[in-house]
Amino acid sequence: PPRDASCDARMEVYNADGSRAQMCGNGIRCAGRLLHDRRRCRGETLRVETGAGVKTLRLRAGRDGGVEAVSVDMGPPRLRRLDLPLADGGDAAEPALGVSIDAGGRTFRFSGVSMGNPHAVIRVDGASGAAADARRALEEIPLERWGPSIERHPWFPERVNAEFIAVLSRSEIALRVWERGSGETLACGTGACAAAVAAHLSGWCDRRVLAHLRGGDLEIEWRGEESGGSVVMTGPAEEVFRGVYTDA
C-alpha cells in the first residue's frame, strides 16, 4: 500500500544480489498491469510510489479490454555528476558527456545519465559504420567482462548500470545492458531511457527513438522543456505465470 493517499500503490525493487534499486522501468509496467488485472486501480491512469519518486502510468487497452501497453512518465533525466554520483574529479555540477574511463582492459567513452538510478551509456560502432555492422558488433561485445568492470569502477561509489548501444538511425537504437546487482538482463526500461537521452545529447538521435533490447522493444520519447522535459517510456507487460510465496 502507498504512504501517499493520492497514489495507487508503492513499488519496491530488489536486485538479484538482494540490494535495493530505486527504480525499474520494466518492473513498474508489470506493476501497472497487475494492479489493473487485480482491479486495484481507479482507471487508466495510475500513480505509483518508487524510490525515485512518484511515477504516473497510463494504461492502453487492447481489443480484448486487457492492457496492451503501459506508458510511464519517468520524469526528467538528471545529468550532473553529483546526481549519478560520479567521482571522476570533474565539476560535480556539470554533466558527464563523452568522459573517458579505463575499465576491463580498455578505454571507453561514456555519458552519465540518472533516471532515478545511475547509468553509463557507451556507443558501439562496427568497422564500416553501417547500422547492420554496429548491431553485429553490439552482439559480439564481451559484456560479461566489460560490464562488471564498469559497474564496480571506483568512480561510481554507488555502482552503475552500463548500457552499450548501437545507433541504427536517427530514430532507432539497439542496446545491451549490464545492471548493477543483477548482471546482463534481457531489457532495462530506465537503461533504454538513459540511452535515448545520451544519444540525443550526443547528436546521434532525435528525441523519440525505438529501442531494441533482447527482451523486446520500447518506445522512448524525451519531451522538450516546454513539456516539462520528462522521458516517457512505452512498452508491453504480459502475465506469464502465477505462483504463491510462503515463508516456508
Side-chain angles (χ1 to χ4, degrees), residues 3 9-34 48-53 55 72 74-75 77-78 81-88 96 99 101-106 108 110-122 124 138-139 141-165 175-195 197-198 211 213-216 218 233 235 237-248:
R3 299 184 180 94
R10 184 176 79 249
M11 182 181 78
E12 297 181 357
V13 181
Y14 296 85
N15 296 312
D17 65 358
S19 60
R20 281 286 298 274
Q22 297 100 323
M23 177 59 185
C24 175
N26 291 325
I28 200 168
R29 294 200 320 277
C30 293
R33 171 68 186 260
L34 185 75
V48 179
E49 292 178 3
T50 76
K55 305 301 178 185
V72 185
M74 304 287 284
R78 289 182 283 175
R81 281 174 165 82
L82 61 86
D83 293 325
L84 283 173
L86 172 65
D88 67 333
V99 177
I101 186 172
D102 294 324
R106 58 165 293 167
F108 300 94
F110 77 92
S111 293
V113 178
S114 173
M115 292 303 308
N117 56 355
H119 298 271
V121 181
I122 298 164
V124 174
L138 178 67
E139 290 302 315
I141 64 171
L143 187 56
E144 68 285 347
R145 185 172 79 247
W146 293 353
S149 64
I150 295 170
E151 175 195 354
R152 298 182 177 277
H153 194 282
W155 282 2
F156 302 106
E158 296 181 10
R159 296 187 290 169
V160 75
N161 302 285
E163 282 76 39
F164 292 85
I165 74 168
L175 64 151
R176 293 175 64 187
V177 183
W178 183 273
E179 294 195 47
R180 59 175 180 171
S182 294
E184 183 174 13
T185 56
L186 294 177
C188 177
T190 55
C193 293
V197 168
L213 302 106
R214 288 184 164 184
L218 292 171
M233 170 195 62
E238 301 177 13
E239 183 174 311
V240 292
F241 67 88
R242 298 186 188 188
V244 177
Y245 174 80
T246 68
D247 288 341

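These numbers come from the heavy atoms of this one structure, side chains and all, not from hydrogens, waters or symmetry mates.
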Exercise. State whether the side chain of E151 and the backbone N or O of G181 hold a donor-acceptor pair below 3.5 Å, judged by distance alone.
Key: yes

Quiz item: Using 30° and 60° as the class limits, which term best fits the ring planes of F110 and W155: parallel, tilted or perpendicular?
Solution: tilted

Quiz item: Within a strict 4.5 Å, meaning less than it, do heavy atoms of the P118 and N161 side chains meet?
Solution: yes

Quiz prompt | Set of side-chain hydrogen bond (donor to acceptor under 3.5 Å, both in side chains) partners for E49, sequence neighbours left out | solution = none

Quiz item: Angle class for the F164/W146 ring planes (parallel below 30°, perpendicular above 60°, tilted otherwise)?
Solution: tilted

Exercise. Of all the heavy-atom pairs spanning G116 and R78, show the shortest one and how long it is.
Key: CA-NH2, 3.4 Å

Quiz prompt | Carboxylate-amine/guanidinium contact E184 R176, below 4.0 Å | solution = yes

Quiz prompt | G235 to L218 - nearest heavy-atom pair and separation | solution = CA-CD2, 3.7 Å

Quiz prompt | Neighbour count above 12 (heavy atom, 6.0 Å) for R3 CZ | solution = no

Quiz item: Below 4.5 Å, heavy atoms only, C-beta onward: do S19 and R180 meet side chain to side chain?
Solution: no

Quiz item: Any chance CD of E139 has more than 12 other-residue heavy atoms, nucleotides or ligands included, within less than 6.0 Å?
Solution: yes

Self-check item: Residue pair F108 / I150, side-chain heavy-atom distance below 4.5 Å
Solution: yes

Quiz item: Taking the side chain as C-beta and beyond, is there a heavy-atom pair between R81 and V99 under 4.5 Å?
Solution: yes

Exercise. With sequence neighbours excluded, tell me which residues meet side-chain hydrogen bond (donor to acceptor under 3.5 Å, both in side chains) with N117.
Key: H119, T190

